[in-house]
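Here the structure is a predicted model, which means the values were calculated and not measured.
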Amino acid sequence: MEDPSNHRRSKKHHRRHNSRHPAATNTTVSTTTGESDVEVEEAEDGDPEVWATLNKGFRQVQSVLDRNRQLIQQVNENQQSRMHDNMVKNVSLIQELNGNISKVVSLYSDLNSNFTNVCQHRSKNPSK
C-alpha cells in the first residue's frame, strides 16, 4: 500500500519544481545579423525534425512499457490462480518482459545518442 505522506511530499516537490520554470512565451526578435524571423524562431524552438525523432523514440519506449504493464498483470493473475498451465505460461511471459526491458534500454540508448549528436552539432554550428 502506498504511503499517503509520500504522495503529498511528491505533489509539493512537483509544485516547487514547476514554479522554477515559467511558462514559455513567444516573442518576436529583430536581429541585425540578417537572420529571418523563421530562422530565429527555429533556433529558439529547436529543429522540428529533431523533436519528431525524439517524440517517436519516446512513443516507442512508452509502447513497450505499456506492453510490460500488461504482461506483469497477466503474470500476477496467473500466479494467483496457482494453476499449473498458468504457471507454465508465466515462463514465456517473463521471458518477453526480460526482452522488452532490453528493448527499452536500447531505445533509451538510441535517444541519448541522437540527443547528444544534435547538441554536439549545434555547439559546433550555432547558426543551424
Atom pair [atom1]/[atom2] of [X] and [Y] - distance to nearest 0.5 Å:
X      : Y      : atom1 : atom2 : answer
Asn100 : Ser106 : CG    : OG    : 12.0 Å
Lys103 : Asn68  : NZ    : CG    : 9.0 Å
Asn114 : Lys56  : CG    : NZ    : 10.0 Å
Asn90  : Ser81  : CG    : OG    : 8.0 Å

Check your understanding: Between the side chains of Asp66 and Gln70, does any donor sit under 3.5 Å from an acceptor?
Key -> no

Would you say [X] and [Y] are hydrophobically clustered, going by side-chain heavy atoms of ILVMFWY under 4.5 Å?
X      : Y      : answer
Leu71  : Met87  : no
Met83  : Val75  : no
Phe115 : Val118 : yes

Revision key, fill the gap. Of all heavy-atom pairs linking Val64 and Leu107, the shortest is CG2-CD1, 4.3 Å

**Study point:** Worked verdict on Gln80 versus Asn76 for side-chain hydrogen bond (donor to acceptor under 3.5 Å, both in side chains)
**Key:** CA-CA 6 Å; Gln80 289 173 353; Asn76 285 335; over 6 Å; no

Review point. Looking only at atom types and distance, does a side-chain atom of Thr116 sit under 3.5 Å from a main-chain N or O of Asn112, one as donor and one as acceptor?
Key: yes

**Study point:** Check: Val105 main-chain N/O paired with Ser109 side-chain donor or acceptor under 3.5 Å
**Key:** no

Check your understanding: Would you call Glu77 and Gln74 a side-chain contact if the rule is heavy atoms closer than 4.5 Å?
Key -> yes

Do any side-chain atoms of residues 91-98 form donor-acceptor pairs under 3.5 angstrom with protein atoms, and if so which ones, sequence neighbours left out?
| from | atom 1 | to | atom 2 | distance (Å) |
| --- | --- | --- | --- | --- |
| Ser92 | OG | Lys89 | O | 3.0 |
| Glu96 | OE1 | Arg67 | NH2 | 3.2 |
| Glu96 | OE2 | Arg67 | NE | 2.9 |
| Glu96 | OE2 | Arg67 | NH2 | 3.2 |

**Study point:** Option from Thr53, Asn55, Leu54 for which side-chain contact (heavy atoms from CB on, under 4.5 Å) with Trp51 holds
**Key:** Leu54

